[in-house]
Amino acid sequence: MKIATWNINGVKARIENLCQWLRDSGPDIACLQEIKSVDEGFPRSEIEALGYHVETHGQKGFNGVALLSKMKPDEVYRGLPGDDTDEQARFIEGVFSVEGGVVRVCSLYLPNGNPSDDPVKYPYKLAWMARLEAFARERMALEEPLILAGDYNVIPEPHDAKDASQWVTDALFLPQTRAAFRRLENLGFIDAVRATTDEAPLFSFWDYQAGAWQKNNGIRIDHLMLSPEASDRLRSTDIEKHVRAWEKPSDHVPVVGYFNF
DNA sequence: ATGCCTACATTCTGTAGA
C-alpha cells in the first residue's frame, strides 16, 4: 500500500496538478494539507472520477485538510482533540480496514508559528504540538498501525535544510520546536524517511521566492510519523520532487511511504 | 533590513504562508 502526504497549497488552484499526480503516482491513501477551501467548494467530482473516496475538513480561505483514498474509511474524525475553542481546520483522521486489521491515517497541518516572537502565533504552534503529543500518546495505547502524516512545519535536524543557519530564529527550527518534535519520536514514533535512508540533505519544500527551487534551497518539513506497528510494515519511502518542476506547482512535494498492508 | 512569490477574498489591497 502506498500512502502519501502533500501540502498542495490550494486545491482549487492545483486541481490539474492533483489529478495528474493521482493518475501518475496512484497512492492508495493521500493526505492533503492547505486545501484552502470550504468542504462545499472542494473539487470532489474530479477526484471521485479517478476512483477516490474524498473526506475533507475545510475552512474558508486558508488551512484545511483532506483524505483521498481508494477504499472508503470505516470511520472519520475531524479536528485535533484538546481545545474546543480552536477553529482552525488542521486535522482529520481516517480508519481503514486492511488485511489483518486496521490502519489509522491522519492528515495534519501543524501551525507555522512565525513570526516566532509573535505573542499569539508561536504559542499556538507549541500548544498544538502538545495536543498532538497527547493524541499520539492516547492512540499509541491502541497498539495499532498509525500514520501521522502531514506538513509539520518542523525542520527536525540541521541536515534537513540547505543552510540551517538561515533558520535559527525561525519557528520551524527553534529549539523548542525541535524538542516538541523529538517528544513525539520519544513516544515511539518513527520518521519514515529517516528510517529508510541516510541520504542528506532531503527536502520537501522549496519557497516560491528568490529562485529557491533552482538553487535547491529547500527544507524537509513534511513527514510520515509511524507507530511501531506501522513501522514494522514499512518497506521504503520516496519524495516525489519532480512535481515541483511542473507548471504552477505547489511549493511542497509529496512524501510517500510503501507499506506491507 | 526588506522583498523576493503565490493563493485567496475582496479588490484596485491585505492576510497568510515558510
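Each chain gets a letter, A, B and so on, in the order its sequence line appears, and its residues count up from 1. No hydrogens, no waters, no symmetry mates; every other heavy atom, side chains included, goes into these values.
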Within the supplied structure, the quantity of interest is the number of heavy atoms (other residues, nucleotides, ligands) at a distance under 6.0 Å from A/Glu138 CD; does it exceed 12?
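Count not over threshold, so no.
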
Using a cut-off of strictly less than 4.0 Å, decide whether [X] has a side-chain nitrogen or oxygen near OP1 or OP2 of [N].
X        : N      : answer
A/Tyr152 : B/dA18 : no
A/Arg90  : B/dG17 : yes
A/Asn7   : B/dA18 : yes
A/Lys60  : B/dT10 : yes
A/His252 : B/dG17 : no
A/Asn153 : B/dA18 : yes

What is the distance, rounded to the nearest whole Å, between atom [atom1] of [X] and atom [atom2] of [N]?
X        : N      : atom1 : atom2 : result
A/Arg14  : B/dC5  : CZ    : C1'   : 12 Å
A/Asn63  : B/dT15 : CG    : P     : 17 Å
A/Asp207 : B/dG17 : CG    : C1'   : 9 Å
A/Phe205 : B/dG17 : CZ    : P     : 12 Å
A/Ile35  : B/dA16 : CD1   : P     : 18 Å
A/Phe203 : B/dA18 : CZ    : P     : 17 Å
A/Glu16  : B/dT6  : CD    : C1'   : 17 Å
A/Trp206 : B/dC5  : CH2   : C1'   : 17 Å

Step through it carefully: locate the ring centre of A/Trp246, locate the ring centre of A/Trp21, and say whether they are under 6.0 Å apart.
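Not close enough - the centres of the two rings lie 6.0 Å or further apart.
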
Which heavy-atom pair separates A/Asp160 from A/Arg194 by the least distance, and what is that distance?
OD1-NH2, 2.9 Å

On the ring face of A/Phe203, is A/Arg220 found with NZ or CZ under 6.0 Å from the centre and within 45° of the axis?
no

